[in-house]
Undergrad: 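What follows is a single structure, and I will ask about it in a moment.
The figures here come from the full heavy-atom set of this structure, side chains too, leaving out hydrogens, waters and symmetry mates.
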Amino acid sequence: MHTLKTRAKKNERFHFGNHATAITFAYHFSLIFLLCFSLGCKKETLELPGVVIPNPVQGEIRAIHILQQGKWIIGGGQDNLGQIYTSADSGQTWFAATGIFYHKITDIAQTPSSRLFSCDAVVDISHSNNDGNSWQLFTDTIWPQTINQYLRSITFLNDSTGIICGGKNYKNGSLYRTTDYGQHWTFTEYQHEYRGAIANRFGDVVVCGYGSLLVSHDAGISFQELGSDQKYYTAACIDSSGSFVLCTFDGGVYQSTNQGYSWNQLRNENEDGKLKKFVCMDISPSGKILCAGPDGQIIYSVDGSTWNAYTVCDKNYILDVKWISEHEFLAGCKNGQLFKIGL
């Protein structure tokens, strides 16, 4: 009988010890679970308010160009109708530019002497000598007749020498080059679609696209293709120090401080655990980097090391962004809306 009681007490102590251990384990497990849950929860990206600037573009806004303070040019349109509008009062009033625009405008760029060039979603190139109010179409019969017909980005090294890149369907692309102020253009076809082109005045050119990164140090006479690990580069910029900066569709940002010879990663793809997609970018005079894309997603960095993510433009698809000051930028959207947003 005594033996049974002793065993019972031992069992009681044993069961009590298990119970205490279970409580302690459950407590710590709950803390770990809550910590993991809080870390794993996706926080909603902060949405920045913006001001919608009414504009007359019918279709998409794919190109924004800032001539000077308060003087803007926007371009875009529909597949068979290109449109360019100018404003001299920060978007309060708009004037339709005159010219022949067969297809939607995809980019607008400026030479050092302030001459403007535009390109469209096929192979048309136009230029303007009066701040974008009127445009003259360049015509030729030597354009490629393949599916490479889609111009996307313009850059000029000086008044006479410029590069335009383009292409579509990912594996079909082309580069256009002029050395006589846009009077004549030659083209070279590639097996990659190209989305962004940027150059400095010293003869260095960077062209980026789908799975390909081209670099030239002789003003575009010859290009070297760098290994890109099949990254999908979508835009290119140059900052005030002369560094080249690229963004990728998957959210990466890359920088070269030695004219494109080597590149370092400023932001990893999918860095914050959320998929970011970028199709356009701009850099302010002080070096603030801004990238944007679908669903109103933007990232912003003052120094290239710390990044902040926001949603803007009512989560519309952003096709182009341009700084208008160190604290405000314009965003053109696929639905034709133009937003002014402060950071």
Undergrad: On the 0 to 90° scale, with breaks at 30° and 60°, tag the F187-Y176 ring pair as parallel, tilted or perpendicular.
TA: tilted

Undergrad: Can you confirm whether I341 sits close enough to C313 that some side-chain heavy atom of one is under 4.5 Å from a side-chain heavy atom of the other?
TA: yes

Undergrad: Are a donor atom and an acceptor atom from the side chains of S262 and N264 found within less than 3.5 Å of each other?
TA: no

Undergrad: Report yes or no: do Y102 and I84 belong to one cluster of Ile/Leu/Val/Met/Phe/Trp/Tyr joined by side chain heavy-atom distances under 4.5 Å?
TA: no

Undergrad: Measure across S256 and G260 and return the closest heavy-atom pair with its distance rounded to 0.1 Å.
TA: OG-N, 2.8 Å

Undergrad: Say whether T306 and N308, considering side chains only, have a donor N or O and an acceptor N or O under 3.5 Å apart.
TA: no

Undergrad: If we ignore hydrogens and angles and just use 3.5 Å, is the side chain of D239 paired with the main-chain N or O of G287 as donor and acceptor?
TA: no

Undergrad: Is it true that D79 and K104 have a side-chain N and a carboxylate O under 4.0 angstrom from each other?
TA: yes

Undergrad: Report yes or no: does R62 contribute a side-chain atom to a donor-acceptor pair with the main-chain N or O of L319 at less than 3.5 Å?
TA: no

Undergrad: Side chains of F339 and N316, heavy atoms from C-beta outward: is any pair under 4.5 Å?
TA: yes

Undergrad: To the nearest 0.5 angstrom, please state how far the CG atom of L151 sits from the OH atom of Y194.
TA: 15.0 Å

Undergrad: Is there a donor-acceptor pair under 3.5 Å between the side chain of W307 and the backbone N or O of L266?
TA: yes

Undergrad: In the structure I gave you, are the side-chain heavy atoms of Q337 and N55 within less than 4.5 Å of one another anywhere?
TA: no

Undergrad: Taking it one step at a time, do L175 and L214 satisfy side-chain contact (heavy atoms from CB on, under 4.5 Å)?
TA: CA-CA 11 Å; L175 294 186; L214 300 177; 3.8 Å; yes

Undergrad: Would you name the heavy atoms of D89 and S87 that are closest together and state the gap between them?
TA: OD1-OG, 2.9 Å

Undergrad: Would a 4.5 Å heavy-atom cut-off, applied to side chains only, mark Y300 and F329 as touching?
TA: no

Undergrad: Kindly give the heavy-atom pair with the smallest separation between A236 and I198, and that separation in Å.
TA: CB-CG2, 3.9 Å

Undergrad: Counting distance only, does the side-chain N/O of T155 pair as donor-acceptor with the main-chain N or O of I163 below 3.5 Å?
TA: no

Undergrad: Of all the heavy-atom pairs spanning L67 and Q110, show the shortest one and how long it is.
TA: CD2-OE1, 3.7 Å

Undergrad: Does Q191 CD have over 12 foreign heavy atoms under 6.0 Å away?
TA: no

Undergrad: Atom CG of D295 and atom OG1 of T311: how far apart are they, to the nearest 0.5 Å?
TA: 9.5 Å

Undergrad: Hey, does Q259 have a side-chain heavy atom less than 4.5 Å from the side chain of V215?
TA: no

Undergrad: Answer with yes or no whether the hydrophobic clustering places I289 together with V302; edges join I, L, V, M, F, W, Y residues whose side-chain heavy atoms lie under 4.5 Å apart.
TA: no

Undergrad: Taking C-beta and beyond as the side chain, do I298 and L290 meet within less than 4.5 Å on heavy atoms?
TA: yes

Undergrad: Could you give the distance from CD1 (I125) to CD1 (I164), rounded to the nearest 0.5 Å?
TA: 3.5 Å

Undergrad: Can you name the closest pair of heavy atoms from F278 and T234 and give their distance?
TA: O-OG1, 2.7 Å

Undergrad: Say whether I324 and I53 are linked into one hydrophobic cluster, either directly or through other cluster members, by side-chain heavy-atom distances under 4.5 angstrom.
TA: yes

Undergrad: Would you please indicate if the ring centroids of H127 and Y181 are separated by under 6.0 Å?
TA: no

Undergrad: Can any side-chain N or O of N169 pair as donor or acceptor with the backbone N or O of K171 at less than 3.5 Å?
TA: no

Undergrad: Treating Ile, Leu, Val, Met, Phe, Trp and Tyr as nodes and any side-chain heavy-atom pair under 4.5 angstrom as an edge, say whether L338 and V51 lie in one connected cluster.
TA: no

Undergrad: Please test I61 against D320 for side-chain contact (heavy atoms from CB on, under 4.5 Å), starting from the C-alpha separation and ending with a verdict.
TA: CA-CA 7 Å; I61 296 180; D320 197 17; 5.8 Å; no

Undergrad: Mind checking the CD1-NZ spacing from I299 to K276? Nearest 0.5 Å is all I need.
TA: 8.0 Å

Undergrad: Any chance you could lay out the side-chain contact (heavy atoms from CB on, under 4.5 Å) test for W323 and L343, step after step, and finish with the verdict?
TA: CA-CA 10 Å; W323 290 99; L343 278 174; 3.8 Å; yes

Undergrad: Are I238 and F202 grouped together when hydrophobic residues (ILVMFWY) are joined by side-chain heavy atoms under 4.5 angstrom apart?
TA: no

Undergrad: Tell me if a side-chain donor or acceptor on K288 pairs with a main-chain N or O of E326 at a distance below 3.5 Å.
TA: yes

Undergrad: Strictly by modelled atom types, are D180 and T178 linked by a side-chain donor-acceptor pair under 3.5 Å?
TA: yes

Undergrad: Going through the checks in order, is the side-chain contact (heavy atoms from CB on, under 4.5 Å) test met by S126 and L137?
TA: CA-CA 4 Å; S126 297; L137 177 66; 3.5 Å; yes

Undergrad: With heavy-atom distances below 4.5 Å as the criterion, would you say the side chains of I64 and D282 are in contact?
TA: no

Undergrad: Parallel, tilted or perpendicular, judged at 30° and 60°: which one describes the rings of Y210 and Y170?
TA: tilted

Undergrad: Can you confirm whether the side chains of E193 and Y232 place a donor and an acceptor under 3.5 Å from each other?
TA: yes

Undergrad: With a 3.5 Å distance limit and no angle check, can you tell me whether R152 reaches the backbone of G167 through a side-chain donor-acceptor pair?
TA: yes

Undergrad: Does a donor on one side chain sit under 3.5 Å from an acceptor on the other, for D120 and S118?
TA: no

Undergrad: Between atom OH of Y261 and atom CG of L226, what is the distance when rounded to the nearest 0.5 Å?
TA: 10.5 Å

Undergrad: Which value, rounded to the nearest 0.5 Å, describes the distance between Q265 atom CD and T248 atom OG1?
TA: 8.0 Å

Undergrad: Are V123 and W185 close enough that some pair of their side-chain heavy atoms sits under 4.5 Å apart?
TA: no

Undergrad: Only one of C165, S153, S216 clears side-chain contact (heavy atoms from CB on, under 4.5 Å) with V207; which?
TA: C165

Undergrad: For T98 versus S134, what's the shortest heavy-atom pair and its separation?
TA: OG1-CB, 3.1 Å

Undergrad: Can you tell me which residue among Q230, K231, E225 is in a side-chain hydrogen bond (donor to acceptor under 3.5 Å, both in side chains) with S212?
TA: E225

Undergrad: Among side-chain atoms of D303 and S305, is any donor-acceptor pair under 3.5 angstrom?
TA: yes

Undergrad: For Y254 and Y233, take the angle between the two ring planes, folded into 0 to 90°, and tell me which bin it lands in: parallel under 30, tilted 30 to 60, perpendicular over 60.
TA: perpendicular

